[in-house]
*Asks:* 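Sharing a structure, written as structure tokens. Questions coming.
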Amino acid sequence: MSNLLNVSPSPHVHGKETTVNLMKGVLIALAPAFVVTVLFFGYAAIIITGVAVLSCVIFEYLIQRFILRRENSVNDLSAVVTGVLLAFCLPTNIPLWLVVLGSLVAIGMGKMTFGGLGCNPFNPALVGRVFLFLSFPVQLTSWPKPKGFLTGYLDANTGATPLGIIKENYGELPVSEIMAMDQMPGYTDMFMGRMAGSLGEIGALALLIGMLYMLWKKIITWHIPVSIIGTVIVIAGGLWLVNPSENADPLFHLLTGGLLLGAIFMATDYVTSPMSSRGMIIYGIGIGLLTMVIRRYSAYPEGVQFAILIMNSVTPLINMYIKPKRFGEEVNNG
Amino acid sequence: MEYILIIIAAVFVNNIVLSQFLGICPFIGVSAKVETSVGMTGAVTFVMTIATVVTYLIQHYILNPFDIGYMQTISFILVIASLVQLVEIMLKKVSPPLYQALGIFLPLITTNCAVLGAAMLAVQFEYNLIQSIVFAIANSIGFGIALIIFAGLREHFDLLEVPAAMKGVPISFVAAGLLAMAFMGFAGIA
Amino acid sequence: MLKTFPLGGVHPPENKFSESAPTEELPVPAQVVIPISQHIGAPSDPVVKRGDIVKVGQLIAESKGFVSANIHSSVSGKVAKIDGVTDSSGYRQTAITIDAEGDEWLDSVDRSEQLTKEVKLSREDILSRCHEMGIVGLGGATFPSHVKLSVPPGKQCDTLIINGVECEPYLTSDHRLMLEKGEEMVVGISILMKALGVDKAMIGIENNKPDAIEHIKKISAAYKGISVHSLKIKYPQGAEKQLIKALLNREVPSGMLPIEVGAVVHNVGTAFAVYEAVQKNKPLIDRIVTVTGKSLANPGNYRVRIGTPVSALIDAAGGTPEDTGKIVNGGPMMGKALNKSDVPVVKGTSGIILFPASESRRVRVTPCIRCSKCITVCAMGLEPYLLMSLAERDMYDIVEANKVTDCMECGSCSYICPAGRPLLDYIRLGKSTVFSIIRERNSK
Amino acid sequence: MNQLNNFTKGFIRENPVFILFLGLCPALGVTTTAINGIGMGFATTFVLIMSNIVISLIKNFIPANVRIPSFIVVIASFVTIVELTMAAFMPSLFDSLGLFIPLIVVNCLVLGRAEAFASKNNLITAVIDGLSMGLGFTLALGLLGGVRELFGDGSILGWKFIQGDGMLIFILSPGAFLALGYLIMLSNKVKK
Amino acid sequence: MNPTIVYTVASLSSLGLIAAAILYVFAQKFKVYEDPRIDEVQDILPAANCGGCGYAGCRNFAEALVKADSFDGLNCPPGGSEVMEQAAAILGREAVAADPLIAVVRCGGTPDKRPLTSLYDGVSNCKIANSLYTGESDCGYGCLGLGDCVASCQFDAMHMDNESRMPVISDTNCVACGACVKACPRSIIEMRKKAKKDRKLFVSCVNRDKGAVAKKACSVACIGCSKCVKVCEYDAVKVENFLSYIDYTKCVFCRKCVTECPTNAIVEINFPPRKVRNQEAAKA
Amino acid sequence: MAKKESTLGNMLFALFVITFCASLALSMVYSLTKAPIAAAMMARTNNAIMEVIPDFDNVPSEEAYQVSIGGGDTLIFYPGRKDGELVGTAIESFTRNGFSGLIKVMVGVMPDGTIHDVMTISHAETPGLGDKIEKRKSDWTTDWFSGRDPRDFNLAIRQDGGEVDAITASTITSRAFSEAVMRAWDAYMNYKESN
Ligand SMILES: Cc1cc2nc3c(=O)[nH]c(=O)nc-3n(C[C@@H](O)[C@H](O)[C@H](O)COP(=O)(O)O)c2cc1C
Ligand SMILES: Cc1cc2nc3c(=O)[nH]c(=O)nc-3n(C[C@H](O)[C@H](O)[C@H](O)COP(=O)(O)O)c2cc1C
Ligand SMILES: Cc1cc2nc3c(=O)[nH]c(=O)nc-3n(C[C@H](O)[C@H](O)[C@H](O)COP(=O)(O)O)c2cc1C
Ligand SMILES: Cc1cc2nc3c(=O)[nH]c(=O)nc-3n(C[C@H](O)[C@H](O)[C@H](O)CO)c2cc1C
Ligand code: SF4
Ligand code: SF4
Ligand code: SF4
Ligand code: SF4
Ligand code: FES
């Protein structure tokens with residue numbers, strides 16, 4: 001030991017929270033959804049998640065080491081979270097090379113281009129996912145039906161997601177009839193996860209458990225998920241009340257598609273969401289609104305991914321103009 | 001409803017910058033600060049709206065009656081260029097700070113293809129005068145939205161450790177690409 | 001529901017090791033070094049020369065101007081020199097060095113232990129007595145108390161708030177003072193009330209000191225207008241704006257003093273010092289200091305003479321442990337690290353903490369993940385992550401626009417940041433630069 | 001030597017697209033394939049040279065307040081000439097360059113060079129500058145088109161050598177931005 | 001004649017005339033006079049916007065130049081006299097020749113000369129460390145070695161030397177913009193006249209403590225003994241606050257003071273070697 | 001460097017001279033290119049007509065007539081004749097329901113009501129997906145539309161209860177394309193009946 005004293009500015013103690021711990025917390029929160037997806041989609045889910053995580057980590061390492069030449073930080077686990085979330089928004093019958101390509105895009109284009117952890121303006125996993133979706137719409141829009149454990153990779157037979165079914169038939173059939181179609185799963189199935197869809201979006205219950213865990217551990221605050229879900233309920237409810245034969249009910253919008261996955265895990269990504277709680281609420285309302293506009297009026301059945309990316313781009317402006325409540329700013333001393 | 005559709009289509013679905021590729025140079029050049037982009041948006045809205053009105057009149061009262069449609073480009077651009085010159089002269093007097101900030105980009109509004117593009121598209125879509133005006137304003141809003149979002153992003157990048165080779169324009173393009181990707185979500189709305 | 005302030009705050013491990021160690025009197029050291037600037041405001045003027053013989057309590061440096069404080073000798077003996085010595089930051093400043101001989105007090109000081117309840121002095125006399133006796137705030141800022149007690153014309157004070165929060169981890173000197181000198185302190189409070197002309201005083205104590213709350217409640221029951229309030233444990237509750245918010249639910253406007261909302265805040269130690277000055281005619285020549293640390297043999301609280309070397313305090317507490325990596329003067333959140341232990345105890349020294357080497361290095365700095373935890377914990381509602389990166393890039397105009405001047409340097413942001421970012425370091429830089437920019441602007 | 005320098009600058013050192021960031025709209029808009037890019041490049045080159053010639057000749061007769069309108073009319077004339085000629089004799093190329101031909105007028109590259117260069121230099125220098133910038137522009141557009149065609153369709157100059165679908169996004173609008181962004185980054189690295 | 005031609009020519013020409021007329025009216029109405037020479041002067045300035053001239057940027061300096069009656073006190077350090085002469089030519093005035101300057105680092109406290117007394121564990125920023133405490137040694141005046149000056153230099157003229165833990169200034173790259181002088185919280189860096197062959201001679205210390213204190217903290221500190229003052233025949237050396245300072249306008253590089261200094265606090269750089277002892281000092 | 005001052009006279013003069021010269025030059029070029037451009041346009045329509053109906057020896061575009069189909073829309077019919085005998089009618093039809101809006105098609109209907117062939121004139125569908133309605137990109141139109149008689153082959157896509165396999169991942173385009181074709185065919189049948 002050197003007998004010289006250390007000198008540094010205050011504070012001289014530091015809290016226990018670290019970046020790695022936070023990322024670990026997110027992974028734990030994702031575990032229930034992972035269990036559900038393995039139950040319904042079999043080991044294909046494990047393979048895809050594994051490939052995505054592995055390639056995200058490897059790409060991050062390689063880019064950091066050989067292109068950016070920056071201090072290495074792969075062990076902060078953020079690339080693992082990106083990998084898992086990327087996998088969670090892909091269908092299980094996707095060719096593995098697309099998973100690898102998606103990881104490259106997510107990490108390379110979505111994250112490292114901007115300087116790595118903390119610098120990316122857009123959610124990397126969603127960048128990867130939307131890139132794949134726009135480049136390979138065929139592969140990204142065929143959804144395996146859930147079967148059960150031990151389902152082989154690529155052997156699932158495909159069906160449409162509930163949102164896909166509804167989009168196909170908007171204007172052709174009244175919603176009540178669409179809902180009664182054979183292909184359409186019931187609400188209990190939707191809640192538990194027995195429906196066609198991407199890996200991580202199917203189990204509403206599991207996702208909600210993850211959310212409670214993250215709220216409990218103070219990894220996220222309620223503002224973003226609640227404002228997204230609230231907005232979707234309000235808009236879907238409004239449309240539904242005005243014209244129930246042409247619009248699905250709010251519960252349907254809540255349980256289907258990537259809404260919960262997006263609201264709980266992707267919109268809450270620290271790096272790409274606003275900093276102040278007021279900002280977070282505006283951001284959440286924006287995502288909810290855009291999601292519903294896209295779901296209802298655009299050519300695509302699902303809009304969460306686009307909505308989050310668009311609101312990501314507005315985040316710097318929100319941060320610039322929506323400031324936290326300052327102490328002693330608007331004084332109200334009653 | 002018709003006007004709402006025109007607006008939504010021009011602002012989101014066929015955003016003039018992100019999907020029509022018009023006005024890219026000022027988009028890249030002026031989007032460094034939010035304040036200047038707001039000023040630029042104002043200037044573009046002014047020029048674009050007046051230009052669309054004047055070109056509408058030229059198209060319908062000169063070019064069409066005399067059947068000299070091939071003169072569209074040259075007569076439109078003459079009008080636009082003069083307008084921009086006008087704005088420049090006025091701005092220099094009225095708001096010197098904004099004039100300083102927009103600097104070399106004022107002449108760029110002339111060459112802002114967005115202005116000419118919007119005027120020509122309005123003719124191509126056979127809009128009437130009111131529709132043309134709505135269309136011009138919607139396009140300026142679309143331009144402004146893209147510009148201001150980008151200014152926000154770029155001010156944000158200024159506070160981060162962006163890789164040296166990506167600094168400035170390249171990173172803006174990649175971000176624009178990713179935003180354009182997100183805007184594809186609006187496909188099919190109108 | 002326990003009272004507390006609503007915005008922000010953290011709760012670091014308390015580590016109050018010396019909580020139950022009764023205050024011990026530290027023997028008079030062989031030599032004391034008394035700096036002429038131990039307070040906020042103008043440094044005082046020495047009034048003794050080298051070779052002069054002084055007594056305990058004798059004035060040795062006179063305050064210069066209104067915002068300044070007298071300084072008295074804490075020992076009796078001979079002035080050895082008046083010269084630059086290194087202070088706790090290592091820079092040199094003028095100090096009066098006195099070689100102690102015996103312990104001979106000025107006759108005017110009443111050294112009896114007897115409690116004198118009756119306040120005889122008039123309001124003006126109390127103020128001038130505080131000024132004369134060199135009383136400064138002992139809560140950390142060492143602001144001359146008579147200044148704070150002179151309510152500026154046009155302003156109205158209705159409540160005296162006594163700060164017994166001691167929200168900093170490790171420190172226990174206020175806690176011990178309340179337990180051991182409660183009676184005197186409460187008399188001190190009534191003196192302060194008289195000086196301010198208020199009939200209401202609120203004592204705020206955090207819930208981790210139940211014995212002190214009980215004790216003071218019992219004593220103050222006999223006094224009119226003095227109430228004790230227990231507060232939820234949350235740092236930085238001791239900061240005056242936060243304490244006022246917690247107790248009175250009034251918010252001191254940005255850039256203003258507490259008097260703006262009719263409150264004056266004093267620390268419990270100050271109240272005791274005021275008691276001694278007014279009732280016993282004793283200048284501020286000693287104070288209670290907590291000496292603590294995980295590896296220290298006897299963490300404890302000591303009443304020491306101003307000017308005693310810190311090393312003597314540490315020796316009394318069992319000597320510097322082998323693994324010491326950092327010595328902090330003050331609390332772990334706001335205190336100052338020392339680069340050596342032979343600096344003198346001054347009026348503002350509230351504690352000495354010895355950190356083992358394993359806890360003395362900062363954590364690794366990684367990129368900001370924009371988790372917004374720093375915003376959540378900032379009791380002033382600032383955006384530390386933003387202030388830091390702006391200050392790092394010399395963008396001081398935006399730093400100023402984002403209210404850096406409101407920062408009270410509590411350190412909660414640096415404490416919480418999962419990425420280990422040195423937020424407060426840069427915020428402090430930003431704040432001091434902005435203040436100098438403002439000063440320059442105003443002077444134009 | 002100086003003129004040679006003047007000629008080569010447009011290719012890399014002062015490449016209009018990668019370094020000067022001028023003429024970006026057509027660079028993004030028409031480069032779905034290399035051929036389109038090159039076609040656009042040559043059309044622009046023609047306009048550049050011709051307008052540089054005229055402007056360097058008339059520069060001294062133009063009062064400052066009508067400088068831009070005058071220049072732009074000159075440019076617009078040549079663009080219209082190109083447009084008419086192409087529509088008459090190269091209808092298929094005309095179809096694919098579409099809206100972007102009239103937009104050569106507002107290609108800031110053309111006016112930018114007229115303003116910054118032709119209006120300050122003599123005829124020969126201005127012509128060489130036009131040629132240099134034009135070819136640099138063509139090069140950039142060809143490159144960008146090539147990259148997008150390669151990734152988007154698996155082919156180069158129409159010759160398909162990777163079977164199956166490419167990454168569609170490179171043909172769509174986002175791909176244009178992304179490809180240009182990364183190309184500029186590469187040119188930044190090369191420049192250094 | 002073909003009617004199309006007539007229509008075309010008539011309509012476009014009249015548009016042209018209308019545009020010209022409107023523009024003229026507006027140009028008259030909104031006329032702003034701006035001295036065209038400002039642009040010309042700005043064109044020849046180096047566009048470094050370094051602030052070395054004392055103005056906010058090259059444009060502001062150009063305006064100042066155009067407005068000023070004489071060039072006294074106006075100088076663009078990066079551009080040097082060449083640029084100032086050009087500007088003078090444009091404005092028809094006389095440039096005042098300013099001495100070319102160069103920055104020097106006035107501290108010699110390398111780790112071997114100045115024992116460490118503590119370990120700094122804060123951010124690498126001189127201003128922050130300076131406001132915290134004396135730094136890792138006991139000298140409260142010396143270089144903190146955290147490189148604020150290096151970060152402030154736009155001209156790549158500075159780097160941190162790993163061994164001496166102090167900044168080193170490149171004779172060729174430094175354009176004397178003065179950014180580093182402002183950046184250093186301890187005012188260690190000074191602008192001095194750039195002498196022939198980049199020769200420099202100065203007191204490499206800014207410690208104003210009493211000799212004994214200074215000497216204890218650092219073995220090459222100036223102790224204010226005034227031997228240099230006595231030996232200087234040109235009245236170029238002064239001692240104030242226990243610190244010696246050599247006035248570069250008077251110093252003739254006789255180098256007597258260098259050998260006289262008991263602590264080697266006076267350094268000479270880029271002189272031909274003379275005696276063994278001085279080489280050592282020159283290294284600092 | 002004697003630049004002209006910005007006086008009114010100078011400004012008017014300069015801009016006038018330039019616009020005058022420019023317009024003169026342009027009108028010349030225009031006169032020269034007018035005919036070739038018209039020819040090129042014509043050729044484009046004629047090529048399309050030739051693609052979709054059997055050999056003819058008249059000039060269909062000269063005999064073209066407009067048929068209105070309700071909603072204010074009209075379609076252009078180009079009758080092709082050989083030796084005066086009608087061999088087929090090319091109909092320029094359209095739909096606005098493409099993935100990216102307007103799609104224009106030329107549909108060739110034989111006198112007996114079978115579709116001889118179809119061809120896309122213009123569209124803005126996604127390259128690589130919807131653009132498979134172009135003949136040079138894929139055989140989809142040939143496979144599903146050439147020689148079909150809508151009366152015994154339901155020219156709607158399977159999703160809509162018809163018999164046409166939609167282009168993979170381009171249901172919308174395929175649906176729109178069939179709609180455009182059927183619009184022409186319906187118009188033809190109506191027109192034939194009412195005449
Ligand atoms: C980039 C992109 C371009 C698309 N272009 C088209 C198109 O040109 N035509 C079309 O019908 N659908 C297009 N789609 C939509 C289909 O891929 C989408 O799956 C469709 O809404 C329904 O799918 P299906 O055709 O497989 O039933 C496009 C999708 C994407 C992501
Ligand atoms: C520059 C300065 C001026 C002050 N002026 C006054 C004053 O005029 N009246 C007063 O009652 N307190 C005054 N104060 C004291 C503050 O209100 C506060 O009690 C003191 O700074 C210590 O508080 P702290 O430990 O929370 O920082 C002043 C403090 C400072 C730093
Ligand atoms: C972050 C922060 C924490 C503080 N904590 C305490 C505390 O625990 N106890 C205390 O007496 N003063 C504390 N203070 C100082 C008070 O704000 C205030 O200065 C003091 O109570 C005024 O009393 P005095 O003038 O008698 O010192 C703190 C100040 C700050 C800025
Ligand atoms: C609550 C939370 C949510 C996250 N969500 C995402 C996500 O949606 N996509 C992603 O790529 N990374 C996510 N991450 C990981 C990490 O923040 C992300 O990779 C950064 O954007 C990389 O700079 C998340 C991290 C946390 C703590
Ligand atoms: S706490 Fe740290 S990581 Fe989180 S936002 Fe603040 S500075 Fe960034
Ligand atoms: S140190 Fe300042 S910025 Fe940080 S939490 Fe405390 S008051 Fe807020
Ligand atoms: S060394 Fe100093 S004076 Fe020289 S160029 Fe760098 S910052 Fe300017
Ligand atoms: S010279 Fe000054 S700025 Fe440079 S490293 Fe030393 S102390 Fe820091
Ligand atoms: S080419 Fe520059 S704005 Fe379009």
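Sequence lines set the chain letters: A, B, ... in the order given, protein chains first and strands last, and positions in each chain run from 1. Computed from a predicted structure; not experimentally measured.
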*Asks:* How far does CD1 of D:Ile75 sit from OG1 of B:Thr73, to the nearest 0.5 angstrom?
*Replies:* 13.0 Å
*Asks:* Taking all non-hydrogen atoms of both residues into account, name the closest pair between B:Cys25 and D:Gly23 and its distance.
*Replies:*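 It is SG-N, 3.7 Å.
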*Asks:* Distance check, rounded to the nearest 0.5 Å: D:Ile184 atom CD1 versus B:Ile28 atom CD1?
*Replies:* 7.5 Å
*Asks:* Quick check on the structure: residues of residues 122-130 of chain D within a heavy-atom distance below 4.5 Å of chain B, by number.
*Replies:*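 Near chain B, by residue number: none.
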*Asks:* For D:Glu14, look at atom CD and say whether over 12 heavy atoms of other residues, nucleotides or ligands are found less than 6.0 Å away.
*Replies:*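 Buried by this count: over 12 neighbours within 6.0 Å.
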*Asks:* Report the distance from atom CG of D:Asn188 to atom CE of B:Met166, rounding to the nearest 0.5 Å.
*Replies:*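 Separation between the atoms: 9.0 Å.
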*Asks:* CZ of D:Phe42: more than 12 outside heavy atoms within 6.0 angstrom?
*Replies:*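 Check fails, neighbour count at 12 or below.
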*Asks:* Quick check on B:Gln20 against chain D: is it the side chain, the backbone, both or neither that has a heavy atom closer than 4.5 Å?
*Replies:*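 Interface part for B:Gln20: backbone (N, CA, C, O).
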*Asks:* Supply the atom-to-atom distance D:Phe177 CZ to B:Leu178 CG, rounded to the nearest 0.5 angstrom.
*Replies:* 11.0 Å
*Asks:* Would you say that D:Val73 contacts B:Ile74 through its side chain, given a criterion of any heavy-atom pair below 4.5 Å between the two side chains?
*Replies:*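 D:Val73 reaches B:Ile74 side chain to side chain.
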*Asks:* On a heavy-atom basis, which atom in D:Met185 and which in B:Ala165 lie closest, and how many Å separate them?
*Replies:*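 Scanning both residues, the minimum pair turns out to be CG-O, 3.7 Å.
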*Asks:* To check you understand the geometry: which heavy-atom pair defines the closest contact between B:Gln85 and D:Pro69, and what is its length?
*Replies:*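 Heavy atoms of B:Gln85 and D:Pro69 come nearest at OE1-CD, 4.0 Å.
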*Asks:* Considering only heavy atoms, which portion of B:Ile171 lies under 4.5 Å from any heavy atom of chain D: side chain, backbone, both, or neither?
*Replies:* neither
*Asks:* Where on D:Leu186 is there a heavy atom nearer than 4.5 Å to chain B: the side chain, the backbone, both, or neither?
*Replies:* neither
*Asks:* Side chain, backbone, both or neither: which part of D:Ser77 has an atom under 4.5 Å from a heavy atom of chain B?
*Replies:*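 When you check distances to chain B, atoms from both the backbone and side chain of D:Ser77 fall under 4.5 Å.
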*Asks:* Is it the case that more than 12 heavy atoms not belonging to D:Phe151 sit under 6.0 Å from its CZ atom?
*Replies:*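 Atom CZ in D:Phe151 is not packed in, count stays at 12 or less.
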*Asks:* Can you check whether B:Phe173 reaches D:Leu24 side chain to side chain, under 4.5 Å on heavy atoms?
*Replies:* yes
*Asks:* Select, from D:Ser173, D:Ala179, D:Ala87, the one with the greatest count of heavy-atom pairs under 4.5 Å involving chain B.
*Replies:* D:Ser173
*Asks:* Calculate, to the nearest 0.5 Å, the distance between atoms CG and CZ belonging to D:Leu180 and B:Phe21 respectively.
*Replies:* 10.0 Å
*Asks:* Within the supplied structure, the quantity of interest is the number of heavy atoms (other residues, nucleotides, ligands) at a distance under 6.0 Å from B:Phe125 CZ; does it exceed 12?
*Replies:*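 Counting other residues, nucleotides and ligands, CZ of B:Phe125 exceeds 12 neighbours.
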*Asks:* For the interface with chain D, which of B:Ser172, B:Ser19, B:Gly177 has the highest count of heavy-atom pairs at distances below 4.5 Å?
*Replies:* B:Gly177
*Asks:* Against chain B, label D:Leu84 side chain, backbone, both or neither, depending on which of its atoms sit under 4.5 Å from a heavy atom there.
*Replies:* side chain
